[in-house]
Amino acid sequence: MPQTSDVISRSDIFAKERHTAELEHIFDQGWLFIGHESEIPEPGSYVARMMALDPVILVRSLSGELRVLLNSCAHRGTQLCRSDLGTTSHFRCMYHGWTYDTDGRLRGVPGLRQWYPESFDRAEHRLRSARVETIEGLVFATWNTGGPSLADYLGEFSFYIHALLGRTTHGWEAVGEPLRWQSGTNWKISVENFGMDSLHLGTLHESPGRLGIFGATDQPPTAITCVCPGGHGIEATKIINGSGALAFPGYPEEYWPEFAANLDEAQAWFVANNLVCKGNVFPNLSFIDLFHDYTGDPTTPPEVAATMLRLVQPIAPHKSEVWMWILVPVDADPQWKRWSQESLIRTLGVSGTFEPDDLENTASISVVNAASFARDWDMQFVAGAHLEAMKEVEGHHLPGEVFACSANTESIQRGFYAEWRRRLGLEPGTRSSGEPS
Amino acid sequence: MPQTSDVISRSDIFAKERHTAELEHIFDQGWLFIGHESEIPEPGSYVARMMALDPVILVRSLSGELRVLLNSCAHRGTQLCRSDLGTTSHFRCMYHGWTYDTDGRLRGVPGLRQWYPESFDRAEHRLRSARVETIEGLVFATWNTGGPSLADYLGEFSFYIHALLGRTTHGWEAVGEPLRWQSGTNWKISVENFGMDSLHLGTLHESPGRLGIFGATDQPPTAITCVCPGGHGIEATKIINGSGALAFPGYPEEYWPEFAANLDEAQAWFVANNLVCKGNVFPNLSFIDLFHDYTGDPTTPPEVAATMLRLVQPIAPHKSEVWMWILVPVDADPQWKRWSQESLIRTLGVSGTFEPDDLENTASISVVNAASFARDWDMQFVAGAHLEAMKEVEGHHLPGEVFACSANTESIQRGFYAEWRRRLGLEPGTRSSGEPS
Amino acid sequence: MPQTSDVISRSDIFAKERHTAELEHIFDQGWLFIGHESEIPEPGSYVARMMALDPVILVRSLSGELRVLLNSCAHRGTQLCRSDLGTTSHFRCMYHGWTYDTDGRLRGVPGLRQWYPESFDRAEHRLRSARVETIEGLVFATWNTGGPSLADYLGEFSFYIHALLGRTTHGWEAVGEPLRWQSGTNWKISVENFGMDSLHLGTLHESPGRLGIFGATDQPPTAITCVCPGGHGIEATKIINGSGALAFPGYPEEYWPEFAANLDEAQAWFVANNLVCKGNVFPNLSFIDLFHDYTGDPTTPPEVAATMLRLVQPIAPHKSEVWMWILVPVDADPQWKRWSQESLIRTLGVSGTFEPDDLENTASISVVNAASFARDWDMQFVAGAHLEAMKEVEGHHLPGEVFACSANTESIQRGFYAEWRRRLGLEPGTRSSGEPS
Amino acid sequence: MNVAAGIKDRVVTAYNLEADRLDAHDLAAWLAWVHDEFRYEVPIPVTRDDPRAPQHSSTGFLAVETKDSVALWVSRLSPALVDAAYAENPPVRTRHFVTNVQVAKEQDHLNVTSNVLLTWGKWNEEMRFLSAQRQDVLLDDGRELTLLRRRALLDTNVIRLSHFRVII
Amino acid sequence: MNVAAGIKDRVVTAYNLEADRLDAHDLAAWLAWVHDEFRYEVPIPVTRDDPRAPQHSSTGFLAVETKDSVALWVSRLSPALVDAAYAENPPVRTRHFVTNVQVAKEQDHLNVTSNVLLTWGKWNEEMRFLSAQRQDVLLDDGRELTLLRRRALLDTNVIRLSHFRVII
Amino acid sequence: MNVAAGIKDRVVTAYNLEADRLDAHDLAAWLAWVHDEFRYEVPIPVTRDDPRAPQHSSTGFLAVETKDSVALWVSRLSPALVDAAYAENPPVRTRHFVTNVQVAKEQDHLNVTSNVLLTWGKWNEEMRFLSAQRQDVLLDDGRELTLLRRRALLDTNVIRLSHFRVII
Ligand code: FES
Ligand code: FES
Ligand code: FES
Ligand SMILES: [Fe+3]
Ligand SMILES: [Fe+3]
Ligand SMILES: [Fe+3]
């Protein structure tokens with residue numbers, strides 16, 4: 001029999017009471033990804049974003065700070081920003097004209113003297129602000145202003161974020177605006193499908209494999225899976241050759257020495273020589289770094305690397321919204337940036353050769369597990385339960401529990417659901433008796 | 001800090017548990033507006049209406065009574081009337097043919113002798129009827145058959161209804177059928193935006209103001225705000241000039257003496273010389289009386305008055321349906337009626353220069369306050385909290401608490417929400433811990 | 001006053017809590033109709049079906065058994081079958097390729113040796129299977145594997161199923177795939193309208209009657225209504241003539257002797273000489289056997305018999321989905337089969353002369369009884385409450401409580417709702433205080 | 001074989017007039033362009049593996065009508081009976097949006113395909129929509145077009161209109 | 001009376017251009033083809049028993065506009081005022097799908113009917129749809145068509161767009 | 001510059017045939033009218049203040065394809081691979097309603113805009129709808145039209161189809 005820690009009740013995934021609890025204990029408490037610094041390049045630049053179901057404005061304030069403000073007037077609640085992006089010196093509410101500066105302070109109140117009591121104090125009516133911190137250009141925010149810092153929240157996992165995004169000398173930039181699509185599944189199913197699961201590569205994605213789009217290799221690769229406290233996890237599927245040379249396939253070769261130089265040894269080893277490297281920051285920010293062999297442009301070099309972020313917003317127990325950012329090194333050649341961008345759109349974008357199959361698959365999991373009988377069953381996360389954690393890999397010490405196998409198994413999922421249970425105050429093996437959703 | 005009576009929790013506005021409680025304690029108990037007498041001119045005339053979510057038929061019975069009947073067969077519940085309006089001598093159920101007279105009495109039962117027990121008594125199976133009363137041609141009904149009369153329910157506020165609609169010698173009539181549109185907001189937000197809030201005129205409605213559609217005046221107006229027990233309220237924004245002459249701008253001048261003569265002095269003073277006069281009968285019947293300066297027809301006289309009713313039906317925590325009736329004096333010139341009607345359609349109708357901005361605004365309040373974090377905040381109704389109630393205004397005694405200011409502030413809203421709390425059994429400062437909707 | 005057992009609270013019909021309880025106590029416990037054996041003629045034939053809200057696969061396994069398998073992978077829940085029908089040797093999950101045989105046993109697991117612990121036992125991961133039994137070609141299944149057999153569940157009612165479908169020597173077959181349409185009403189309303197209620201024939205269906213489509217007869221018919229334990233019921237509306245000759249109007253006369261010979265005397269008497277015979281197997285499988293006089297094809301013989309099954313799936317308190325199967329004797333003439341099929345499509349199909357009026361009617365019952373006030377009322381099932389059960393009819397002993405009247409009254413409904421209450425643990429006269437849906 | 005624009009224009013004109021009559025609930029007038037041998041079929045949509053496999057039934061139908069059977073509907077809507085035509089009275093607001101008309105001329109008839117989006121507005125309810133391809137056979141005597149056969153291939157497996165008493 | 005294909009083609013071309021301008025929120029350009037006496041009416045849909053009874057009001061309207069009243073909208077969208085045009089700014093994405101155009105030539109004008117499906121995409125919200133028949137009167141001086149009257153018959157009794165500040 | 005009805009008719013005919021092939025999931029046949037330099041782009045819809053500002057991205061895309069990249073899809077749907085084309089097999093029912101076709105002739109190509117309503121019916125699910133404007137560049141050698149460029153401007157900011165592996 002599988003261990004209770006290797007299974008999760010289907011009703012737990014989809015129950016309405018779990019969804020409500022997730023909003024309260026995970027999304028209102030945790031650090032949530034908001035956007036990339038390059039999206040708001042100048043003072044006054046802003047973009048409209050969501051923190052789970054709460055709409056916020058990410059703005060680089062005129063005083064130079066990154067601010068995440070609830071997109072709702074302090075007076076009677078009108079939405080302040082109704083466009084996707086722009087540049088502004090202030091936010092003015094259309095209803096009664098209350099005006100806030102880009103730090104969220106209430107500045108102007110029409111009729112202040114005539115209509116409001118003398119005791120009315122603008123300082124008591126600033127916009128609600130989330131706490132904001134960044135790592136490697138990624139902007140995170142939390143409503144939990146008194147909780148742990150972002151660094152504490154990420155813990156050991158920062159090592160891997162620095163490894164992936166600290167390689168470049170001049171940083172990364174988001175190309176274009178985020179792609180967005182809705183998915184008929186629960187956010188957890190979408191997150192673990194994209195950010196954690198690798199065993200489906202040869203089956204669900206058999207087609208792009210056979211079309212030569214991704215994964216061609218002479219040597220059998222090894223998957224290094226790292227499960228960190230806090231529910232974060234990452235895996236790198238790599239060719240381990242004796243030579244020890246650090247290659248970054250898909251990136252122009254002139255970058256390679258610089259990439260290695262910007263990292264410490266273990267980090268460099270981890271991100272080098274990979275077919276693909278992917279993972280997830282708890283709860284819902286997944287990322288991937290890979291190279292494609294061919295995506296339909298014969299003028300492209302044979303291997304083009306690509307990096308993306310993928311945020312899955314919870315909307316309802318059976319509905320979520322995916323946001324996809326494509327990142328490229330700031331100083332890359334414009335033509336190379338375009339190749340990299342297009343390769344991702346054609347594979348992991350909503351019109352790509354991979355994502356539609358994943359969408360079909362994850363939606364199907366929702367469809368068949370919505371009802372009363374099916375929900376009274378488990379999902380199995382037993383693959384890799386037999387692997388032993390390694391002290392070091394090829395002489396490198398990597399943070400977290402580290403496993404090596406011919407494929408990335410289900411270890412990251414087990415870590416993710418353990419953290420999920422912990423935050424919701426659930427024991428392994430419990431099951432929601434609440435109403436189906 | 002604002003007083004708890006000056007704020008209302010955002011979760012209180014939108015919580016599903018509040019919506020359910022509203023249906024039970026406010027809409028199933030209070031007097032609800034059903035229609036205007038002129039809509040059912042003859043015995044047998046009927047219109048299909050809603051009492052909150054319950055469908056009813058308003059019919060002038062063959063015996064001459066106004067009846068409000070639940071639109072559902074007493075047998076097994078089939079809808080009896082499936083059209084918006086008509087004339088009939090009876091209601092026959094399509095399912096098994098049970099037939100009711102226009103007073104709701106069961107008359108015919110096919111197969112009565114063969115199929116039903118002898119003990120079957122038609123008198124036990126009449127249609128459910130609401131209690132019906134009228135004031136100035138406005139038909140109200142309530143399910144609370146043993147509760148207060150309409151006059152008691154309105155209390156002092158009747159003074160203002162008589163003032164507005166008792167002016168004319170021959171009464172008013174509804175022009176055309178009600179306009180209907182849905183709004184993506186809670187009914188309370190829509191009601192207080194239209195029937196109570198005036199501070200948004202210069203901001204949200206800056207555009208029609210600058211286009212010369214409404215509000216042009218040389219002298220600064222004064223707003224007289226009257227807050228009555230029961231949650232009802234009204235405001236008149238008027239030019240107070242020393243002369244004491246009673247003008248009814250926008251109405252043909254030949255009406256003016258008659259308008260004054262039909263009212264007592266204080267009433268006449270209140271409804272004369274107004275730019276606009278508007279208010280709300282608790283819970284959801286708003287009205288407005290105003291004149292436009294220009295709405296796009298150069299052949300119209302410069303000022304045309306207009307009067308309308310606006311009912312906001314609660315549908316769901318974030319959805320409501322607006323019904324709009326345009327009223328004109330029965331004996332007005334047909335051309336004038338048309339001008340008045342068209343001026344309202346072009347401003348406060350769903351295609352007008354005002355209403356779309358209000359719809360956009362109120363929907364935006366719903367959108368940004370649906371989620372878990374935003375809901376844990378307040379709305380502010382502090383404007384005018386410093387004003388002192390007046391014993392009399394310009395020598396006139398007006399019912400309710402009366403305030404004068406350069407604009408109608410947020411006093412009516414405070415009265416409205418106090419009544420709302422009272423009916424729901426809530427203390428100021430409470431907040432719904434129930435599920436978001 | 002009607003007895004509490006003759007009424008049912010409108011809130012009971014539509015309450016969300018009742019819907020949830022129905023799924024648990026009725027649909028997860030009872031025997032549900034899945035399909036007709038002729039739909040899956042060969043080993044490997046399968047069709048996708050629903051057991052209430054749970055998707056299942058009905059498959060004739062390669063080993064020759066009828067199987068009803070939950071359409072969801074035992075690993076992480078992916079939908080296995082995504083088409084309406086087909087033939088297969090196995091079910092392979094698209095996600096990670098787990099492969100099941102047609103008996104639901106897990107056979108193949110890609111990467112079994114590399115990725116899964118040695119303790120992983122395929123036998124522990126078979127598809128969830130329902131218990132399957134058949135009667136006269138009708139396939140039923142239940143999740144309640146330890147409960148009563150189908151025969152026990154049907155009890156005395158089997159008599160009637162054998163009578164209707166045991167007439168033919170070579171059995172019946174489904175013509176074409178099931179027709180499907182959604183209905184804006186509760187499943188119970190739809191079921192009792194189609195499978196139980198006859199009093200609406202002259203009123204709701206006045207139009208097809210007057211068009212000569214159905215029901216023309218010189219002699220007044222008699223309705224024999226049989227109410228069996230378990231909530232099942234059936235009625236036959238027949239011409240009782242003294243002759244005792246067994247006619248099966250609408251069927252080719254050459255069948256008549258054989259029909260009689262295949263049944264015992266009481267059964268033969270019951271199904272012979274009928275204008276129509278219809279009923280319902282608790283909870284939601286209705287059936288009808290009738291002949292039409294004319295459905296628009298002048299080349300058709302004047303009377304053509306037709307038999308159909310009608311399953312009403314519960315979807316939500318105010319939404320259900322109808323599935324319609326048309327059955328014909330296997331050995332009938334192809335032309336006759338076509339006539340029979342087309343006559344049903346043109347009357348009881350979603351485009352027919354009967355069903356649209358029924359749909360309109362049942363949806364209207366839902367629409368007007370969704371709100372808070374209307375729900376606090378009853379539906380009346382009093383017709384026929386005065387009839388006395390008969391020991392025998394025309395010398396024949398028929399199972400269940402048997403009534404004779406000029407029409408089939410509301411006895412079957414009373415039996416249906418009594419069983420419904422019993423399974424939900426409700427007393428007569430209770431009413432849901434739960435939230436409206 | 002494709003056809004001269006003139007024939008296509010006539011077909012489009014006929015379709016537009018047809019749509020008007022259907023949406024005015026004037027089945028009697030609509031029947032005027034229907035051939036005596038008219039057959040109308042809406043096969044049951046059936047989802048099968050393989051995008052090239054037929055996705056509609058060859059043996060099951062959601063609707064099958066002839067000129068005579070539609071004549072029964074016409075009677076149903078006649079003044080004497082319309083009061084009991086509960087599904088059609090009060091009327092549902094329908095509108096046929098006809099696009100993508102393609103005409104191929106055969107020996108003695110025209111094969112015409114078109115796309116139809118049907119909108120469905122019942123009293124105060126939200127609008128519903130149905131999309132389909134029509135495959136028609138028209139006869140053309142040079143002066144007048146008549147409708148000999150129509151097969152409507154629905155794009156949904158389950159009817160979600162309030163009923164299906166409508167010609168697509 | 002039906003008309004030569006040439007006229008119909010010109011009408012269709014004019015409608016397509018009109019739709020483009022409306023969907024680009026360029027009311028000023030749209031106004032160019034509107035006659036000085038232009039009247040635009042959207043009668044209130046009213047459901048009555050009997051499918052042959054009129055299903056739209058003769059006395060009540062959801063919109064009534066003239067060239068002068070639309071000119072107010074144009075001003076509203078002008079650079080000086082557009083910042084306060086909250087319902088139209090940021091813009092709603094609309095698209096007019098115009099089909100079933102039928103042209104009848106009268107003495108001195110054209111009577112034209114067409115079906116319009118309006119799609120409505122507000123920021124991140126789900127799309128909404130409105131279906132209607134347009135009944136237009138056009139004037140044709142042989143060179144240019146102008147729009148004299150438009151009556152839009154909606155297929156829904158209740159407006160469910162976020163507002164109705166739109167020309168159908 | 002507007003064009004003779006003849007060219008417009010040919011464009012409409014080509015669009016209708018194209019829609020048929022797309023809705024029959026026959027990408028291989030569809031590819032026949034695609035130019036070797038074909039480029040297909042669906043820019044990301046971006047809502048900006050000001051109705052005159054561009055409402056679609058200039059740098060971000062929801063889809064970017066060439067003839068070669070679409071050829072990969074064709075292979076994906078070939079008999080050898082179609083069993084693993086899980087998003088397209090079983091097929092989604094799609095229908096392209098193409099209206100408002102406007103053709104402008106330039107020196108050496110045609111600029112064509114059209115409106116497309118795409119309906120999307122996945123198995124037993126409710127239909128979904130997508131509305132867009134297409135901005136195409138066609139080449140015309142007098143005999144045959146080929147599709148050189150297509151830009152599809154969606155009317156929704158968020159894709160709500162079950163996936164977007166479809167040519168608009
Ligand atoms: S709601 Fe923002 S100013 Fe009043
Ligand atoms: S439900 Fe009205 S007569 Fe039976
Ligand atoms: S979910 Fe079926 S094989 Fe993994
Ligand atoms: Fe994947
Ligand atoms: Fe306003
Ligand atoms: Fe019936």
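Just so it is clear, the model here is predicted, and its values are computed rather than measured.
In terms of non-hydrogen atom pairs under 4.5 Å with chain E, the most contact-rich of D:Leu77, D:Asp20, D:Val92, D:Asp23 is D:Asp20. Of the listed residues D:Gly121, D:Pro91, D:Ala24, the one with more heavy-atom pairs under 4.5 angstrom with chain E than any other is D:Pro91. Counting heavy-atom pairs closer than 4.5 Å to chain D, the top residue among E:Leu153, E:Thr113, E:Val116 is E:Val116. Ranked by heavy-atom pairs under 4.5 Å with chain E, the first of D:Leu17, D:Val82, D:Thr99, D:Thr94 is D:Leu17.
By the 6.0 Å contact criterion, CZ on E:Arg149 is open, its count of non-hydrogen atoms from other residues, nucleotides or ligands being 12 or less.
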**OP:** Please test D:Met127 against E:Leu130 for side-chain contact (heavy atoms from CB on, under 4.5 Å), starting from the C-alpha separation and ending with a verdict.
**Re:** CA-CA 8 Å; D:Met127 300 290 300; E:Leu130 182 77; over 6 Å; no
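In this structure a side-chain-to-backbone donor-acceptor pair under 3.5 Å is present from E:Asn115 to D:His96. In terms of modelled atom types and a separation under 3.5 Å, the side chain of D:Asn89 and the main chain of E:Asp49 share no donor-acceptor contact.
A heavy-atom distance below 4.5 Å is found between the side chains of E:Asn157 and D:Arg93. Within the 4.5 Å cutoff, the side chain of E:Leu117 has heavy atoms near those of the D:Phe129 side chain.
For E:Arg48, the part lying under 4.5 angstrom from a heavy atom of chain D is the backbone only. Only the backbone of E:Ala132 comes within contact range of chain D, judged by heavy atoms closer than 4.5 Å. Using a 4.5 Å cut-off between heavy atoms, D:Glu125 contacts chain E through its backbone alone, with no side-chain atom that close. In this structure, chain D has no heavy atom under 4.5 Å from any part of E:Val98.
Once rounded to the nearest 0.5 Å, the distance linking CG of D:Asp9 with NZ of E:Lys8 reads 6.5 Å.
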